[in-house]
Protein chains: 2
Amino acid sequence: MAKFKLDEIDHQILDMLIDNTRIPFTDIAKKLLISAGTVHVRVKKMEDAGIIKGSSLKLDYNKLGYSFIAYVGIFLQNTSQTKFVLERLNTIPYVTVAHITTGKFNIFCKLRAKNTQHAKEVIFKIDDIDGVYRTETMISLEESLNDKKRLMHDIFNRM
Amino acid sequence: MAKFKLDEIDHQILDMLIDNTRIPFTDIAKKLLISAGTVHVRVKKMEDAGIIKGSSLKLDYNKLGYSFIAYVGIFLQNTSQTKFVLERLNTIPYVTVAHITTGKFNIFCKLRAKNTQHAKEVIFKIDDIDGVYRTETMISLEESLNDKKRLMHDIFNRM
DNA sequence: GGTGAAACTTCTAATAA
DNA sequence: TTATTAGAAGTTTCACC
């Protein structure tokens with residue numbers, strides 16, 4: 001796989017699409033003083049290179065009734081069970097991310113649940129997975145997301 | 001703010017847009033046997049209700065040279081410093097999410113860095129924030145994201 | 001590489017049901 | 001609320017720089 005090098009135009013295109021994936025290519029073209037065809041070709045190239053993996057909606061989970069966030073650290077009986085436990089975690093829809101980690105825990109995951117009662121059920125479900133020795137839960141009282149653009153600007157050396 | 005109730009059509013529209021925000025409304029319309037105008041009106045309603053907060057790209061951060069992920073638990077000298085420290089964390093682009101948590105740590109955040117050397121610098125920067133007493137780092141050896149659709153299907157009682 | 005224009009597709013808002 | 005429709009707008013391709 002040849003290393004794909006993004007230039008300033010690519011960066012600016014990404015920058016606009018990160019904010020709004022449905023922004024018309026013609027708008028991007030106007031702002032960057034290039035043609036819509038060029039925007040199209042460059043986006044396609046970044047997709048083909050796998051840099052753009054896709055697009056998704058930002059949803060308000062609170063409004064959808066899922067306002068409970070927690071992190072759960074998992075201790076395994078044996079690290080050989082890691083893969084199996086990860087697979088089982090991925091079948092629980094309320095587990096949004098799972099990591100194999102160094103340090104205290106063997107596995108570390110993030111939960112999104114309806115409320116404390118619901119979270120309890122999910123944590124019990126995790127405790128019940130074969131190979132899970134015990135878990136430790138941290139409840140999020142407030143989540144603050146950093147703007148993706150900050151990281152992108154850093155990546156592009158534009159901070 | 002009146003409670004906004006989504007019906008099955010709304011769910012299916014979200015379902016398709018979660019996978020690809022640029023899917024033409026005419027395609028959605030065809031699949032759901034409704035008109036493109038209806039899709040348009042419903043999406044607009046969900047945007048107005050704040051359920052759809054926006055859209056963004058899924059990027060391959062590994063390909064962009066940021067393949068290091070870690071979680072950092074922060075102990076504060078005093079909880080009154082929480083807000084200040086959170087604000088400072090949000091100025092570090094490599095801190096992608098921060099939470100105020102119950103349990104062991106006062107604040108808990110996620111890092112995305114270039115490599116271990118770079119992560120070290122970021123962690124030192126966190127340690128240097130006024131009010132931070134000490135930190136504890138967990139390095140992610142492997143991240144596994146659960147499909148957003150799983151949670152949505154659960155929200156819509158379709159599992 | 002990029003452009004500009006043509007052909008095609010999609011969006012959107014007004015109207016009608 | 002939803003469907004239809006038609007003009008406006010956007011996308012994509014391609015011959016040519």
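In what follows, chains carry the letters A, B, and so on, assigned in the order in which the sequence lines appear, proteins first and then strands, with residues in each chain numbered from 1.
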For the residue pair B:Phe75 and B:Phe105, categorise the inter-ring angle as parallel (less than 30°), tilted (30 to 60°) or perpendicular (more than 60°). perpendicular

Under 4.0 Å, counting only non-hydrogen atoms across every strand here, what does A:Thr26 touch: a base, just sugar-phosphate, or nothing? base

Please give, in whole Å, the distance from D:dT11 C1' to A:Lys30 NZ? 14 Å

For the pair made of CG in B:Leu17 and P in C:dC11, what is the distance, rounded to whole Å? 10 Å

Give a yes/no on whether any side-chain N or O of A:Ser35 is located under 4.0 angstrom from OP1 or OP2 of C:dG4. no

Which atoms form the tightest heavy-atom contact between B:Gln81 and B:Leu76, and what is the distance? C-CD1, 4.3 Å

When rounded to whole Å, the NZ to P distance for the pair A:Lys31 and D:dG10 reads 12 Å

Kindly point out which of C:dT10, D:dA3, D:dT11 is positioned nearest to the side chain of B:Asp27? C:dT10

On DNA chain D, compare the nucleotides closest to A:Phe25 and B:Thr38; which residue's is nearer the 5' end? B:Thr38

Please tell me if B:His40 has a side-chain N or O lying less than 4.0 Å from either OP1 or OP2 of C:dT12. yes

For A:Lys45, answer base if it contacts any base atom (sugar-phosphate contacts may also be present), sugar-phosphate if it contacts only those atoms, and nothing otherwise; contact means non-hydrogen atoms under 4.0 Å. sugar-phosphate

B:Arg42 vs D:dT2: side-chain N/O to OP1/OP2 distance below 4.0 Å: yes

Distance, rounded to the nearest Å, where B:Ile9 contributes CD1 and D:dT2 contributes P: 8 Å

Return the nearest nucleotide to the side chain of B:Ala36; candidates are C:dT12, D:dT11, D:dT2. C:dT12

Salt bridge flag under 4.0 Å for residues A:Glu136 and A:Lys104: yes

Interatomic distance, A:Asp7 CG vs C:dG1 P [rounded to whole Å]: 10 Å

Please tell me whether A:Ile123 and A:Val85 are part of a single hydrophobic cluster in this structure, the criterion being side-chain heavy atoms less than 4.5 Å apart. yes

In whole angstroms, the gap separating P of C:dT10 from CZ of A:Arg22 amounts to 11 Å

Whole Å only: how far is the CD atom of A:Glu47 from the P atom of D:dT12? 9 Å

B:Ile34 atom CD1 is separated from C:dT12 atom C1', nearest whole Å, by 15 Å

Just say parallel, tilted or perpendicular for the rings of A:Tyr71 and B:His99, cut-offs at 30° and 60°. perpendicular

